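To start, the structure itself, in C-alpha cells.
Not measured: the values here are computed from a predicted model.
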Amino acid sequence: MGRRPPVSDVLREALARVAGQLGGDGAAWVLERPREAGHGDLATNLAMVLAKAQKAPPRKVAERVIAALDLPPGVVSRTEIAGPGFINFWLAEDQLAASLRTIAAAGSDYGRHNFGAGVKVNVEFVSANPTGPLHVGHGRGAALGDGIAALLEWSGHTVTREFYINDAGVQIDRLALSLWARVQQAVGRQAEIPEGGYHGDYLKEDAAQVLAREGPAFADLPAEQGIARCRELGPLLQREQQDRDLATFGVRFRVFFSEQSIYDRGGIDSTLRLLHERGLTFEEDGALWFRTSAYGDDQDRVLRKRDGSYTYFLPDIAYHVDKHDRGFDRVIDVWGADHHGYIPRVRAALRALGYPEDFFTVAVVQLVKVVRGGEEVKMSKRSGEFVTLRDLFEEVGVDAARYFFLMRRSDSQFVFDVDLAKSQTEENPVFYVQMAHARMSGIFRVAGLDPASLSGDARVEALPTEDDRALLKKLTAFPEVTARAAREQEPHRITGYLEELARLAHAWYHKCRVLGETPDIEQARLTLARASQIVLANGLGLLGLSAPDRM
RNA sequence: GCGCCCGUAGCUCAGUUGGAUAGAGCAUCAGCCUUCUAAGCUGAGGGUCCCAGGUUCGAAUCCUGGCGGGCGCACCA
C-alpha cells in the first residue's frame, strides 16, 4: 500500500539486522503497538529476548541494540528504554503525514494485502440440508464463512465460496414422505408425518406450492409416484427458499456442490479404489473400513456398511478429494459445533492421502442462543418450532444480524440479544460504528465538498490535539488488523477494531471542530475526516455491511 | 468414562501469538446540547483473570491436575 513500505516494516527489518549481529537469529521477538500511549508508537521486546545470549541485563542490551540500530532519517523521532527492557519508538511527524496520504491514495483498497497472492482457497460454509429453512446457527456460519472469505480476498487470496448440498441421504427420503403427507392433508385426507420426518409448518406451504405447480390431481397419484415427485420437489423448494434468505442476507456462493453428483459421476467408486490402492482399507464383520486410527483418529471408521450402503464418511472424503483435484491449495470448512467430533476422521483421511497438513482446516461455529426480553427463545427442530434466520434478520435488520454474528470469536458460545440488535442507540455496536461513518460524511455534506477530492496532503502540525493524534494513529493500524485477522481467520478482530476506531472518531468529532477553524487546521481535519471515513467504510464493507452517509 | 470448545468487572465480551499498572461496552453514579447529527461526549466506582501446582527475567496467555458449563463420542447424516 503506497509507494514506500510501512514504517513498522522498516523498523522491523532494522531490528532484525541488529538481532542477527547480536546472536539472536531466529529469536522470537516482536515489534508491536503498545496499549499505553505513554509507551510510544511501536515497541519491541528484542533486548529482553537477547539478554540471555548477550549475558547481560535487558536494559544494558537495549543500549547496545539502540547503538547498533541503523535507521534511515525521518522515521523515528524518539527512542527510549523502558520498564524491564522494552525499547519504545515514537514515529516522526513525517510518518504521520505520509500515512494520511497513503490512506487517501489507497481509498477503498486501504487495508488490502498481497501476501495471499497465488493461493487458491475454498471456503465451504452454511451447507444446510435442503430439508428446512435456515436457522440462526446457519446465520452465524454464513456471516463467519463470508467474513473469512472476504478477509482472505483482502489479503490477496483467490477465494471460492462454496455450499455443499446434502441431497443424497435418507433425510431426503424422509422429506419426501413428510411432504407427501402434507399434500394429502392439504386436500383434506388423513395422513401422518412419518417417524423421523419433518414436522415444521413450512412443509404445509410447500405442499400448497406443489399442488399449485402440479395441479390438484397430483394428490390422487399412486403414493409411490407422488412420493418420487416429492423427492424431487421437496429439496428444490427448500433450496430456493434458502437461496432467497442467503441473498437477502448478502451472501453469495460461487459453487453449489451436490452430494448426489458425487455418486452420479462415479466419485464414490474412484475414491474407494484410491483408498484401496493405497492399502488404507480392510474388511471386517462384513463391512469395509478405513484405517483412520493410523492417521490420528481414535478409531477406524466404516466406509461401507454391512448392508452394502455407504456411510456419510465416504462421500465426504470423495468431496474433499474433489476439492483437492480442483486445484485448491487450502480448503476451509465452516462447521457447527455439533460436528466437531467429525474433524479428526476427515483430517485423518486427507492425511492418509498424503495431502499437506495445512490443506484442510475447520472453523467451528459454536451454538447461538437467542434472547429476547431477557428470555431465551427456545428452538426445537423436532417440534418444528425454531427461530429462522429470516425471522431474525427481518426483525433486527441484515446489518445488525451480520455484525452481531461476527463480533464474537466463533469458537465461543454466543448470546444474540434481539433487543440490543434492534436498538438504535449507542448501546448497539453496529449503530455506533455506522453512526461514526455517517458523521464523517456529514462534515463533507455541510461543507459542500466531495470527500474524494481530498488529496491527503495535510500538515500534521495542524492537528494539534491528543484527539487528533489518537484518531490518526488508530487509522494507521488498520492494515495490521486486517492482516492479522486474515491470518487467524478471525473476523471479530475487525469488529473490535471498528468499535475502538468509532469511539475515537466520536470523541474527536465532539471535541475537534473542523469547519470554520483556521484554513490550516480545517484542511488537516478534513483530511483526517476523509481518512476516517475511508477506514470505517472499508472495515464495514469487508464484513459485508453498509456504511451509510446519513442515518 | 474419553475427546473438543469455553471459564476474565454485576452482565456481554476483548486481550496484539509469554510482556509494562488486565481493557471495552452495557448497567450504576456524577456531569455536558448557541457548535459539522446529544442516534453523541466527559468523568467515577467496580477484578482471587475458576482453583492448585509447574515452566522463567516475566503467565489471563504455555504445561500438569482438578472444578464448572457447552458440544460430541454410530455400520445416523
Side-chain angles (χ1 to χ4, degrees), chain A residues 28 30-36 38-39 43-45 48-49 51-52 57-58 82-86 88 129 131 166 168-172 174 196 259 284-289 298-299 301-313 315-316 336-344 364 366-367 369 371 374 407-415 417 420 423-429 431-432 434-436 438-447 467 477 480-481 484 487-488 492-493 495-497 499-500 503 506-517 522 525-526 529 550-551:
Chain A
V30 292
L31 178 68
E32 59 189 6
R33 285 166 190 271
R35 264 195 296 268
E36 297 278 329
H39 294 151
T44 181
N45 63 348
M48 290 183 287
V49 174
K52 201 171 272 182
F86 289 100
N88 299 334
N129 285 344
T131 54
N166 297 111
V170 295
Q171 77 276 11
I172 301 299
R174 290 182 187 145
E259 179 187 0
E284 194 175 292
D285 297 335
L288 184 71
W289 297 69
D298 54 3
Q299 56 183 286
R301 303 292 175 176
V302 170
L303 294 166
R304 191 178 58 218
K305 297 179 244 177
R306 205 177 319 171
D307 66 8
S309 64
Y310 298 116
T311 61
Y312 184 79
F313 186 34
D316 227 25
D338 53 342
H339 285 81
H340 80 268
Y342 195 69
I343 298 170
V364 173
Q366 289 286 346
L367 211 85
K369 195 160 90 173
V371 172
M407 72 183 178
R408 302 290 178 230
R409 297 180 46 175
S410 63
D411 57 5
S412 61
Q413 290 171 38
F414 174 57
V415 177
D417 185 336
L420 177 60
S423 81
Q424 307 223 324
T425 66
E426 49 164 328
E427 304 160 30
N428 184 342
F431 214 83
Y432 188 74
Q434 290 181 323
M435 186 64 203
R439 282 185 143 174
M440 297 301 140
S441 299
I443 295 171
F444 293 101
R445 190 167 51 244
V446 171
D467 295 284
E480 293 160 39
V481 174
R484 184 71 192 273
R487 289 206 173 90
E488 308 286 335
H492 80 273
R493 290 175 182 275
T495 60
Y497 169 81
E499 283 165 45
E500 290 166 15
R503 192 176 326 118
H506 281 301
W508 175 81
Y509 180 89
H510 187 259
K511 289 193 259 179
C512 299
R513 181 81 198 169
V514 178
L515 305 178
E517 294 291 310
E522 179 175 298
R525 286 193 172 150
L526 277 169
R550 62 194 325 161
M551 299 180 75

| Ring-on-base stacking G40(B) with His506(A) (under 5.5 Å, under 30°) | no
| query | What do you reckon, do Phe86(A) and the base of A20(B) stack, with centroid distance below 5.5 Å and planes below 30°? | reply | yes
Table of protein N/O atoms under 3.5 Å from nucleotides 55-58 of chain B N/O atoms:
none

If you look at every strand shown and take non-hydrogen atoms under 4.0 Å, does [X] touch a base, only sugar-phosphate, or nothing?
{"X": "His492(A)", "answer": "sugar-phosphate"}
{"X": "Arg306(A)", "answer": "base"}
{"X": "Ala447(A)", "answer": "nothing"}
{"X": "Tyr509(A)", "answer": "base"}
{"X": "Arg301(A)", "answer": "nothing"}
{"X": "Ala337(A)", "answer": "sugar-phosphate"}

| request: Produce a footprint string for nucleotides 2-13 of chain B: one letter per nucleotide, 5' end first; B if the base is under 4.0 Å from any protein heavy atom, S if only the sugar-phosphate is, - if neither. | output: -BBSS-----BS
| field | For U48(B), the Watson-Crick or wobble partner whose two distances fall under 3.5 Å | value | none
| With both distances under 3.5 angstrom, what nucleotide forms a Watson-Crick or G-U wobble pair with C29(B)? | G43(B)
| note | Residues passing the side chain to side chain donor-acceptor pair (under 3.5 Å) test with Arg503(A), sequence neighbours excluded, are none
Per [X] side chain, nearest of listed nucleotides [options]:
{"X": "Met435(A)", "options": "C75(B), U37(B), U17(B)", "value": "U37(B)"}
{"X": "His39(A)", "options": "A20(B), C71(B), U37(B)", "value": "A20(B)"}
{"X": "Ala507(A)", "options": "U42(B), G15(B), A20(B)", "value": "U42(B)"}
{"X": "Trp289(A)", "options": "U17(B), A77(B), C75(B)", "value": "C75(B)"}
{"X": "Pro34(A)", "options": "A24(B), U37(B), A20(B)", "value": "A20(B)"}

| query | Taking atom types as they are modelled, is there a donor-acceptor pair under 3.5 Å from the base of G40(B) to the side chain of His510(A)? | reply | yes
| task | Report yes or no: is there a donor-acceptor pair, N or O only, under 3.5 Å between the side chain of Asn45(A) and the base of A20(B)? | result | no
| said: So does Arg525(A) get a backbone contact from the side chain of Glu517(A), meaning a donor-acceptor N/O pair under 3.5 Å? | reply: no
| task | Check the angle between the aromatic planes of His506(A) and Tyr432(A) and answer parallel, tilted or perpendicular using the 30° and 60° thresholds. | result | tilted
| Earlier contact from the 5' end, RNA chain B, for Gly442(A) and Glu488(A) | Glu488(A)
| query | Can you list the residues that meet the salt bridge (Lys or Arg N to Asp or Glu O under 4.0 Å) rule with Asp338(A), with sequence neighbours excluded? | reply | none
| said: Using O4'-C1'-N9-C4 for purines and O4'-C1'-N1-C2 for pyrimidines, with syn meaning within 90° of 0, is C63(B) syn or anti? | reply: anti
| Got a sec, which residues hit side-chain contact (heavy atoms from CB on, under 4.5 Å) with Arg306(A), two or more places apart in sequence or on another chain? | none
| Mind checking what makes side-chain contact (heavy atoms from CB on, under 4.5 Å) contact with Ala337(A), not counting sequence neighbours? | Val364(A), Gln366(A)
| Between atom CE of Met407(A) and atom CZ of Phe414(A), what is the distance when rounded to the nearest 0.5 Å? | 4.5 Å
